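Since the model is a prediction, treat every value here as computed from it, not as a measurement. Atoms within a ligand are numbered from 1 in the order they appear, just like the ligands themselves.
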Amino acid sequence: MMMLFSPPAPIVAQTSEGMGFPVRRLFCIGRNYAAHAREMGSDPTREPPFFFTKWAEAVVPGGGTIAYPPETANYHYEAELVVAIGKGGRDIAPADAASHIYGYAAGLDMTRRDLQFAARDKGRPWDTGKNVEQSAPLGIIHPASATGALVSGRITLTLNGQIRQDGDLSDMIWSVDEVIAYVSRFYRLEPGDLIYTGTPAGVGAVVPGDEIVVTIAGLSPCAVKVGPKADV
Ligand code: MN
C-alpha cells in the first residue's frame, strides 16, 4: 500500500557491544527512593509502586544536547538506572524477572516539575510534565551478562561538575525485579521496552547551558548539555 507519508525512523539505543537496541516503550517508576519521596512531599512507605509512560521518541543518546522545552520554568533532572527489556512477558514473577533483562544503562527522567506538580495537585494526568520531547537521555546499554544483576552500586548526578544526587541502587523501595513484575501485570512487556527505575534525592532545576552527568557504578556515564529554550 502507498504510504501517505514516511513512517518515523525507529529509535535505536546503543549497546556496549556495538549493537542497536530498538526502543519500544518507556515505563517510569515514581518515588522509588525514600529520601526522594520525602523531598516530593510524600510518605515513603511500601505502597504499591506506580508508574507513568513516555514515548520512545523521548529517548536521546547521551553525549549530545537536549532542548530546554517550552511551557516550563522549572525543568528538573532525575538520575535513574534504566533497565532494558530483552525478552517479553506478562505476569512475570519477581524470581523470573532477571531472565527478561537485556541490560542496564544510566539515564535521565527530565521533568517539567511545575506542570507535574500542577497536574498532581488537581488529580490530572502527568503527561505534559513527564512525557516531554528529548526528556529521556540514555547512556550506552551494558548487557546483564557482563554486569551481573545491578542490585547495589553508587548512582550520582553532577550539574556543571558539582554533585547534586548521590545515592545507591540498594536504596530502591521496589527492586528492579519487583518493578518488572509489577509493570508486567498491566502491560505485556516486550523486547525494546525500557524501565526508568526512579531517582534518588537531590532533584533540581536546570537552565540552558548546564551540563548534566549521570554515573552508575559499572556502567558508562550519561552526559548531556541543556540547549537553548525550544520556543525562542
Ligand atoms: Mn523519575
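Here Asp109 pairs with Lys54 in a salt bridge; the nearest charged N to carboxylate O distance falls below 4.0 Å.
Checked by atom type, the side-chain pair Thr65/Lys225 shows no donor-acceptor distance below 3.5 Å.
Ring geometry, Tyr182 versus Phe51: the interplanar angle exceeds 60°, so the pair is classed perpendicular (tilted spans 30 to 60°).
Protein atoms that are N, O or S and lie under 2.8 Å from the Mn ion (ligand 1) are these: Glu78 OE1, Glu80 OE2, Asp109 OD2.
With Ser42 as reference, Arg31 is the one residue of Arg31, His36, Arg120 to meet the side chain to side chain donor-acceptor pair (under 3.5 Å) rule.
Note: the hydrophobic cluster containing Ile195 does not contain Trp126 (ILVMFWY, side chain heavy atoms under 4.5 Å, direct or indirect links).
Contacts classified as salt bridge (Lys or Arg N to Asp or Glu O under 4.0 Å) and involving residues 168-184 (residues at least two apart or in different chains) are given here: Arg46-Glu178.
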